[in-house]
Amino acid sequence: MPYEHRIVEPKWQARWRASRLHRTTFDAKRPKYYALDMFPYPSGSGLHVGHCEGYTATDIITRWKRMQGFNVLHPMGWDAFGLPAENYAIRTGIHPRITTEKAIANFRRQIDSVGFAYDWEREVNTTDPAYVKWTQWIFLQLWKQGLAYEGTVPINWCPSCKTGLANEEVSQGKCERCGAAVERKDMRQWLLRITRYAERLLEDLALVDWPESTLAMQRNWIGRSEGAEAVFRLVDREGWPGTEEIKAFTTRPDTLYGATYMVLSPEHPLVERITTPEQREVVRAYQAAARNKSDLERTDLAKEKTGAFTGAYAQNPVNGEKTPVWIADYVLATYGTGAIMAVPAHDQRDYEFATKFGLPIKEVVRPADGRPPEPGKAFCDDGVNVNSGVIDGLPTPEAKKKICAFLESKNLGRATVSYRLRDWVFSRQRYWGEPIPIVHCRNCGAVPVPEAELPVRLPEVERYEPTGTGESPLAGIAAWVETRCPTCGGPGRRETNTMPQWAGSCWYYLRYLDAKNDRAAWSPEVEKQWQPVDLYVGGAEHAVLHLLYARFWHKVLFDLGHVSTPEPFKKLRHQGTVLAFSYQDGMGRYHEPGEVELRGDDAFLKATGEKLKVSVEKMAKSMLNGINPDDVVAQYGADVLRLYEMFMGEFELPKPWDPRAIEGCARFLKRVWRLVEEFDAAKAPAEDPHLRLRHKTIKKVTGDLDRMAFNTAIAAMMEYVNELVGKGATREDLLTLVKLVGPFAPHLGDEAWEKLGEKGFLLQADWPTFDAALTVDAVVRLAIQVDGKVRGSVKVARDASEDEVRKQALAVPNVAKHIEGKTVRKVIVVPGRIVNIVVG
RNA sequence: GCCGGAGUGGCGGAAUGGCAAACGCAGCGGAUUCAAAAUCCGCCGUCCUUACAGACUUGAGGGUUCGAGUCCCUCCUCCGGUACCA
C-alpha cells in the first residue's frame, strides 16, 4: 500500500493530541533541556517556510533529546502586540484583538499541520491581560530600581508610524519597520536605563555560545571605548579664567598637546551661556539649522563640515594654550560628553574642519618608524609623541597612561570609559501595546499603580488613529485617563503612552515555565528547574534589538533575585534565510512558478515559450516567489517539508528553495517506508551484513544532531538506506533506521514503528546507541602517494604495523613505477589514512 | 571606511591538515512497461586517451608542511551589520 501522508499525518497528530504526548514533564533524576523558538508575530499572511526552518530544527533536537531521556521543555506562543493589526484597525475599525485572534488560530493550525511537538498547555500571548499584568509588574520593578524614568529628550520620531522609536529601531536614518526618514523631536518619554548595565551586557557575552556575528553586533552596539575626560576651563579674551568648564571625551588623550580648538554639539547646554553677544546671531542660526536637519541629512551631508564660532575660549589643561570654542553638528550631543577637543593633526574629521575654517594644525605624534606622515591627511595611527611636554618621546600607549595620571593629579581630568549605547526610549504613542502602569498626580508626581490593581487594561476606543501630536489614542478617552492618585487619592491622570512591542518578548521565555501562575510571574522552583534556555533559535534580525533588551531585563531580574542565571539564553543559533527562484520576462514582469516550465537550468513561460530570467532572491510578494508551507504539506506532506528544510544546506546559511530538489527528500522517505512495509523476516538476511554501517550511521547521526548539522545527518541516513535497499535489511536495521528518521519525519516514524509491531510512540523509545569498536572497519584501504600524488592503494588490516604497510605500499606496481630510479627519502604512514612516499 | 560571514562540478552542497566533489537535484544510458509515470541498475568536475595511464582543478597570488579547500600573509568579489561614536 502506498504511503498516504494525507491520512497518516492527521492520524498521528490526533493520537499525539489525545494522549497529551507533548506535555512537559519534569523528573528531577533526569537532565533538562529547554529549547526555545523566537515566538512569532501572528501576521495575517501566516507561517512561511522561514519560520518552519527554525521550528523544525528545534523540533528535531527536542524529539532527539527526549528519546535520550531528557526532561524537555518546548513551548510556543504569540508576540501579539504590534503595528500591523493596529494599522488594520485604523483602516477597518476592526479591533486588533479580533484580527490577532484570527491570525493566531491560523498559525496554530499551520504549526500543528507540520507536526511540531509544542506543549500547547503552556502557550502564552503577550496581549492576554493575564500576561500584560506581569509585563507591567516587571516594569514597576524597574521603576522601583530607578531604571525607568521620564525625560524630555530628543527622540527618533517616525512620521509614518506616528510614534517615537528606540535608537535600535532606526537603521541608516530610517524607520526600521516602514522605511520612512525619522525626524528628531523633543518629547516627554519614558526611558529605561539600560546604560547602567552596559558593562555587564558586554562582559557577559563571554558566558554564552552565540554566533560570532551576533556577538560582534552586540559589542559594536554597546560600543565601549576607553579614553579620558579632559577639563578645559573657559577663559575671557585676555586669558583670565572664568567659572565655566567644558569636559571633553577623547580616546586619544596622548594628543592633548595638539588640541587647537574645541567643538561642542549644537545642543550642548553650555552653548547658550558661553556664546558672546557678537556671535549670538550666527550661533542661534546654526543651532536652528542643525535642529531642522533630519538625522539622515545630518549624516548624509557629512562630507562638508559646517560649524559656528561661539566667541568663547577655553584653556588647554596641559599647556595653558587658549583655544577657540566652536559648535558643529559633526559632534553628537548623545555621545561622550557632547564636546570634543579637536586635534586636527591626528583626527581626520577635525582636520577637515580645521582646514575649512583656517584653524591651526599642530603635529604632536610622529610615525614610530620615522617615515613622513602622508600630506593632506591626519595621522591617526599610534606613534611617538613630539612637541608634547611631559609625554615627549613616549610611544602612544605609554603617553596615554602618563597623561591620564598627569590630568588626574592636577584634578583636570581622568581616565574614563564611554559607551555608544543610549538609554532605551520605551514609550510608544500608539494604542495596541501594554499601558505603562503609572498615574500622574499633581501633588505626588508619577505614582505606580499598586501591584494588586494590575493589569491596567486597555480601554475600548472608537478610533485607533494616533494623534500624531505625540499622544496616543488613549489620551482621548477621558473616562480611562481620569483616575485617582493611588497615593493621595486626589485626581490623577493615567499615563497614556504604551510599551513597545519588545516589552512582551523580554520575558516570555520565563512565563513559559509557569504559564498559568496567577500569583506570580513564575515560581522560583520552576525557574531553577528549567533556566537557562539551552537552545534558542530565531532570525538574525533580532541580533541587537530583542536579544539586547531581553538580556537587560534578565540581568535586572537576576539582581533582584527573581532569576538564578546571569544570562537567559545559553546557546543561540540563527536559521539562514530561505531564498527562492524568481522568474522575470523581457518586460521585467515577474511570473509565479506555476506559469513556468523548467528545462535543465533554463525556465520558459508556458503560455508563450519565452525564455525567462531566473534569479535567486529573498521571498517577496512583489516577486511572486513565496513558498507557502500549506501548499507543500498538501502536496508532499509535513515530513517531506521538514526533511527538505533541513537538507537544503547548512542550517545557519542562506539557501535557495529548489522546488525540484524536494523530490529527492520525498523519494528518500518513500524508500524508508517501502523497506518497512515490504519487510519479511523470512527473507531478511540471516547474518547481519550491515552491522558496522549501522553503528557508523548511529554515530554519524548522533554527532551531527549535536552540532546541528542536519543536512549531513540526513545524507548519512540516505547512504544507509541505499545500502539496505540494495542488500536487504534485518529487523534490527529497520528499528534503528526508524528511530533515526523519527525526529526528522515523526509521522512516518510512528507509522513505521507501529507497522514493525512496536508498542507506544516512537518518542517514548530509546535513542539507539553505538559500539565505538564497530564504527571502524577491520580492513581499510589506504591510498598511496608518491610525492603527494595518489599512485595506488593497498588493503591492510586496520591495526597493521607500520613496517607491514610500508612493505606493501612499495610493492604496488604503479607505485613502484613512480619510485623507479629514485631514492626513497622518507615514508610517512598515517594509520588508517594514507601513506606518502617522498622520493628525491 | 570599520566589524562579521561566505566564495568548491551544470545546481544545492560534503570533506578532525591525509584519496576533493559524500548525499541530493538536473542530465545521460539501460532494465521493467503495449506506452508513460513510478521503481530499479549504471554513468556523470575539466582536458588528453579506444583503454590503461596521465595532466589540471576548491575566487587570485604568495608562504608554512612529506601533504593545504582546511593554517599564515596580501588581494579580489558577494552577503549581513554599522557608520562624523571623538
Side-chain angles (χ1 to χ4, degrees), chain A residues 2 171-173 211-217 219-221 223 225 227 248-252 255 263 298-299 301-303 305 328-332 334-343 346-350 352-353 380 418-422 540-541 543-544 574 576-577 581 598-602 616 644 647-650 652-665 667-668 670-671 674 709 711-719 721-722 725-726 781-793 814 817 825-839:
Chain A
S171 166
Q172 280 154 22
E212 192 48 50
S213 58
T214 306
L215 293 173
M217 278 190 239
R219 284 189 203 107
N220 290 343
W221 194 263
S225 56
F249 175 74
T250 177
T251 54
R252 290 296 300 272
T255 62
V263 187
R298 218 165 139 161
T299 49
L301 303 173
K303 283 130 212 146
K305 294 277 179 290
D329 65 4
Y330 82 90
V331 172
L332 306 178
T334 50
Y335 185 76
T337 58
I340 61 156
M341 60 174 214
V343 186
H346 306 295
D347 182 286
Q348 191 58 28
R349 296 153 299 181
D350 297 343
E352 285 162 19
F353 191 84
C380 304
S418 199
Y419 299 89
R420 202 184 83 114
L421 182 69
R422 304 267 57 86
E541 65 275 15
V544 278
H574 303 300
T577 320
F581 291 102
L598 300 174
R599 271 177 253 151
D601 286 329
D602 296 322
V616 172
Y644 181 59
F647 187 63
M648 273 189 283
E650 200 177 304
E652 300 212 68
L653 294 179
K655 47 210 164 274
W657 182 279
D658 183 344
R660 284 184 293 188
I662 194 172
E663 296 282 353
C665 291
R667 250 171 244 161
F668 166 69
K670 264 186 229 162
R671 281 155 76 89
R674 263 220 332 268
N711 53 340
T712 50
I714 295 168
M717 292 189 280
M718 285 174 168
E719 285 183 73
V721 165
N722 288 345
V725 167
R781 197 183 62 85
L782 292 187
I784 317 295
Q785 296 181 331
V786 177
D787 277 344
K789 289 194 194 302
V790 179
R791 300 298 181 188
S793 66
N814 196 42
K817 198 176 96 189
R825 304 220 176 268
K826 211 196 256 183
V827 178
I828 293 146
V829 179
V830 184
R833 287 263 173 218
I834 207 166
V835 179
N836 191 10
I837 300 164
V838 185
V839 295

For the side chain of [X], starting at C-beta, report the closest nucleotide among [options].
X	options	value
A:Arg420	B:A14, B:A83, B:C3	B:A83
A:Arg671	B:A38, B:C40, B:A14	B:C40
A:Asn711	B:C23, B:G13, B:A26	B:G13
A:Lys670	B:U39, B:C66, B:A86	B:U39
A:Pro656	B:G13, B:A86, B:A22	B:G13
A:Arg660	B:A26, B:C84, B:C66	B:A26

A side-chain contact here means heavy atoms from C-beta on lying under 4.5 Å apart; do A:His574 and A:Thr214 qualify?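 Of all side-chain heavy-atom pairs linking A:Thr214 with A:His574, at least one is under 4.5 Å.
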
Closest-nucleotide mapping onto RNA chain B: is A:Glu719 or A:Asp658 further toward the 5' terminus? I mean the 5' end.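 Nearest-nucleotide comparison on RNA chain B picks A:Glu719.
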
Could you check A:Glu212 against A:Val835 and say which one's nearest nucleotide on RNA chain B is further toward the 5' end? A:Glu212

Quick one: [X] [atom1] to [N] [atom2], roughly how many Å, whole number?
X	N	atom1	atom2	result
A:Arg791	B:C52	CZ	C1'	14 Å
A:Asn220	B:G1	CG	C1'	13 Å
A:Glu663	B:A26	CD	P	7 Å
A:Phe647	B:G12	CZ	C1'	8 Å

Below the 4.0 Å mark, does [N] have OP1 or OP2 next to a side-chain nitrogen or oxygen of [X]?
X	N	result
A:Arg674	B:C40	yes
A:Ser418	B:A86	no
A:Lys789	B:C56	yes
A:Asn814	B:A53	no
A:Asn836	B:C19	no

Could A:Lys670 and A:Glu663 be called an ion pair, given the rule that one side-chain N must be under 4.0 Å from one carboxylate O? no

Pairing nucleotide - [N], Watson-Crick or G-U, each distance under 3.5 Å:
N	result
B:U82	B:G1
B:U77	B:A6
B:A21	none
B:C44	none
B:A51	none

For the residue pair A:Tyr330 and A:Phe353, categorise the inter-ring angle as parallel (less than 30°), tilted (30 to 60°) or perpendicular (more than 60°).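 Because their plane-to-plane angle lies in the 30° to 60° range, the rings of A:Tyr330 and A:Phe353 count as tilted.
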
Can you check B:G59 for me, syn or anti if syn means within 90° of 0? anti

Between A:Asn220 and A:Arg420, do the side chains contain a donor N or O and an acceptor N or O under 3.5 Å apart? no

Side-chain (A:Arg791) to main-chain (A:Lys817) donor-acceptor, under 3.5 angstrom: no

Once you apply a heavy-atom cut-off of 4.0 Å, does A:Ala661 come out as touching a base, just sugar-phosphate, or nothing?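 Sugar-phosphate only.
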
Using a heavy-atom cut-off of under 4.0 Å over every strand shown, decide if A:Thr214 touches base, sugar-phosphate, or nothing. nothing

So, under a plain 3.5 Å distance rule, would you say the side chain of A:Arg781 forms a donor-acceptor pair with the base of B:C19? yes

Answer with yes or no whether A:Arg833 presents, from its side chain, a donor or acceptor under 3.5 Å of a partner atom in the base of B:U16. yes

Heavy-atom closest contact (A:Trp657 atom, A:Ile662 atom, distance):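 In terms of heavy atoms, the two residues are closest at CZ2-CD1, 3.9 Å.
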
